[in-house]
Amino acid sequence: MIALVLKSAQARRVAGFGSSVQSPTARAAIGIAFSLSVALLSTISVEWIARGTLIDVGEFLTSTARPGMTTVAMLAIVMLTLDAAFGRRYQSVFILVPLIVIPAFVSNQKQHFLSDPFYPSDVLFTRQIMELLPVMVRDRPWMAVALVIGLALSVAGLFLTWRYAWRNFPKLSTQARLRRLCLGVPVIAAFCSLMDYSQYSYIRDRLQVVPIMWDQKENYRTNGFILAFLFNVPMADVAVPAGLNAEALDAIPARNFGYLAGPREKPDVIMLMSESFWDPTRLTKVGFSADPMPNVRASQSGHVFSPEFGGMTANVEFEALTGFSNAFLPYGSIPYQQYLRHDVPSLATFFRGQGYTARALHPYSGWFWNRNQVYKDFGFEEFRTEETMPPMEKRGLFASDDSLMKEIIREGDGLDQPFFFFAVTLQGHGPYEPGRYARNTIEIRGNIPDADRATLATYTQGVKEADDSLKKLMDWASKRNRETIIVLWGDHLPPLGNTYMSAGYMPDMVATRRASLDVMKREHETPLVIWSNRKGVKENVGTISPSLIPYNLLKFAGFEHPFYTGLLGRVQKKYNIIDRYQLATRDNKVTPDWVLDQKKLDPLVRDYRYLQHDIMFGKARTLERFFPQYDLLASRGS
């Protein structure tokens, strides 16, 4: 049928549109206009399908703050370049349009059943997609039948259309192909720089394209399906580690790991990840009228080596709650957004297996960083957000640390059984605008610009109030009969902008990704407190990756566990820092770029990576041996 239609006189005229025009310039203009028209219609169709409505599509295309027309231009250039590669006009339409329309339809269906849009990394979870198909069929049987028939007809139609186009569409001259390729390939390469959201892009900045990676629903709504999908492409390449198979997983040493032990009296545990908490007195070219963090300093156990800088809080949180490492994942990835699609063992499931109440608290919206879903996958029984907490006192736009500590105390007093609380503070979040606080109580001295001094004064006042709020929590814990352990650390250094340069601390506004260990520590270390109302401070922890916090916490609490104190304990005996660019031993010996030579990889790190990949992306073959409590909870349906 399609072939007969294409053989009609009208179709032949369309296929040869522009071929009778003698002027090369006119033919080029006609080709560009046609590609732009198809690109515009394709963009409208994709957004309509992906969103399920046309309501927001008009604003997406016309708003100068939203990249609708950037998407149109990008598609048009890709089509012109593909035509040059194939050698015939308009042939790219029959390749590009299906490639963008089909994923848009999949995204629409995924949002209907799972609420999230379609990510490139979803191809890593084919099993879940296959499990979703029966649900779709039961829910919409006639739609499923129509989908199968439509798919078969579409494939046949595309094949016939492609064959007809290859035989009948007008050919491009060699000169025309070269012109298009010389123009299109560099522009496409420039567009590719848009995809790495973790690096500054001049083009992206000029086009006002802003990746919103912390809220993927808003990312897809604001940037459109095509660009948002492209932003997530780099994180989809999670390669299976070399040598990983069933035999390798079974061979991970299990000696002395098959135990579960704990203290006679189970302590309450409060983990506090303090937003952007850092020691500003490390800025040696400025002075402070008082120590902004005397309580943290008196109780400090060591430092956390944050894998991030100035943001990406969820990645630090992922390591601290699971004991897994971002070093084994693609650079720029966000596990909370791209990889967590099923239940994953965490400290929450560990403590629940010990009879604890496991609760998460964060005085912001639960959708941020996809925490609503992730905390369920981690096994938390409840997630308390700004929507479910009592109204909190604010510091600028953000809830104060003092209010959050009061809520933790209130909820802790209301529980008789042991509890595990994981809280993420908010007050320390940037930007650090002047006037956030009614009065800054610590004077900043030193020869730095006034704007930087104001930024640092605001940040330092926040550190002081975070330190005061920790003292309030510790004072409360000191009066309790049950042992109470408090763990606090900063998720990353604060985004202080030019202040780092004017104070001579760093050569740029952001931290270095590759440097000597001393430089990396200076630009990535945040304070770590591990304290008990019975035992006092856990001392001499050193500088550790967030993934090693579970080991130090559970050892301090008196627990033994196959993974959290077993395998992670073996790792920490040798390595303090597991970073994607370097491994650092306890005596500060560094192995840079260790990921590049898998054959020389330390078997200990290899086994750690194997286990993480098996749990996150594989068949969880190691689950029963290394996470027995999680396995027990799962069997109970908890």
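For clarity, every value in this text was computed on a predicted model and none was experimentally measured.
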Point to revise | Ring center gap for Phe421 and Phe419 short of 6.0 angstrom | key: yes

Check your understanding: Is any side-chain heavy atom of Pro562 less than 4.5 Å from a side-chain heavy atom of Phe627?
Key -> no

Point to revise | Check: Glu407 and Leu361 side chains under 4.5 Å, non-hydrogen atoms | key: yes

Exercise for review: Return the set of residues passing ring-ring contact (aromatic ring centres under 6.0 Å, His included) with Phe422 (not counting sequence neighbours), or none when no residue passes.
Suggested key: none

Review point. In terms of side-chain geometry, is the basic nitrogen of Asp468 or Lys472 positioned less than 4.0 Å from the acidic oxygen of its partner?
Key: no

Check your understanding: Mind checking what makes ring-ring contact (aromatic ring centres under 6.0 Å, His included) contact with Tyr364, not counting sequence neighbours?
Key -> Phe368

Check your understanding: Which of these passes side chain to side chain contact (heavy atoms under 4.5 Å, CB included) with Ile444: Leu283, Thr499, Leu456?
Key -> Leu456

Review point. Can you list the residues that meet the ring-ring contact (aromatic ring centres under 6.0 Å, His included) rule with Tyr610, with sequence neighbours excluded?
Key: none

Exercise for review: Mind checking salt bridge (charged side-chain N to carboxylate O under 4.0 Å, His left out) for Arg586 and listing every partner two or more places apart, or none if nothing turns up?
Suggested key: none

Point to revise | Salt-bridge criterion met for Lys464 and Asp291 (N-O under 4.0 Å) | key: no

Review point. So, Ser502 and Asp452: side-chain donor and acceptor under 3.5 Å apart, yes or no?
Key: yes

Review point. Do Tyr564 and Tyr551 make the cut of ring centroids closer than 6.0 angstrom?
Key: no

Revision key, fill the gap. Quick note, ring pair (Phe, Tyr, Trp, His ring centres under 6.0 Å) partners involving residues 528-549, not counting sequence neighbours, are none

Practice item. Using side chain to side chain donor-acceptor pair (under 3.5 Å) as the criterion, list what pairs up with Glu443, not counting sequence neighbours. Key: none

**Study point:** Salt-bridge present (Arg395, Glu393; N to O < 4.0 Å)
**Key:** yes

Check your understanding: Considering residues at least two apart in sequence or located in another chain, which fulfil the salt bridge (charged side-chain N to carboxylate O under 4.0 Å, His left out) criterion with Glu386?
Key -> none

**Study point:** Separation between OG1 of Thr484 and CG of Leu473, rounded to the nearest 0.5 Å
**Key:** 8.5 Å

Practice item. Report the residues that fulfil ring-ring contact (aromatic ring centres under 6.0 Å, His included) with Phe309, sequence neighbours left out, ordered by chain and then residue number. Key: Tyr500

Review point. Quick one: side chain to side chain donor-acceptor pair (under 3.5 Å) partners of Tyr575, sequence neighbours excluded?
Key: Asp602

Practice item. Could you tell me whether the side chains of Thr543 and Glu525 share a donor-acceptor contact shorter than 3.5 Å? Key: yes

Revision key, fill the gap. Across all chains, not counting sequence neighbours, the salt bridge (charged side-chain N to carboxylate O under 4.0 Å, His left out) partners of Lys573 are none

Review point. So, His613 versus Phe328, ring centres under 6.0 angstrom or not?
Key: no

**Study point:** Ring center gap for Trp367 and Tyr336 short of 6.0 angstrom
**Key:** no

Review point. Among pairs that include at least one residue of residues 548-559, which meet salt bridge (charged side-chain N to carboxylate O under 4.0 Å, His left out), considering only residues two or more places apart or in two chains?
Key: Lys555-Glu560

**Study point:** Member of Tyr432, Trp489, Tyr505 meeting the ring pair (Phe, Tyr, Trp, His ring centres under 6.0 Å) criterion with Trp278
**Key:** Tyr505

Practice item. Could you check Phe563 against Phe324 for ring pair (Phe, Tyr, Trp, His ring centres under 6.0 Å), going step by step and ending with a plain yes or no? Key: CA-CA 10 Å; Phe563 175 71; Phe324 294 154; 5.6 Å; yes

Review point. Would you call Lys471 and Asp475 a salt bridge, using N to O less than 4.0 angstrom?
Key: yes

Practice item. Taking the side chain as every heavy atom from C-beta outward, state whether Asn552 and Gln572 have any pair of such atoms under 4.5 Å apart. Key: yes

Practice item. May I ask you to decide if Ala327's main-chain N or O and Ser325's side chain share a donor-acceptor pair within less than 3.5 Å? Key: yes

Practice item. Among residues two or more places apart or on two chains, list those pairs meeting salt bridge (charged side-chain N to carboxylate O under 4.0 Å, His left out) that have a residue in residues 309-334. Key: Glu317-Arg371

Check your understanding: What about Tyr356 and Phe420, are their ring centers closer than 6.0 Å?
Key -> no

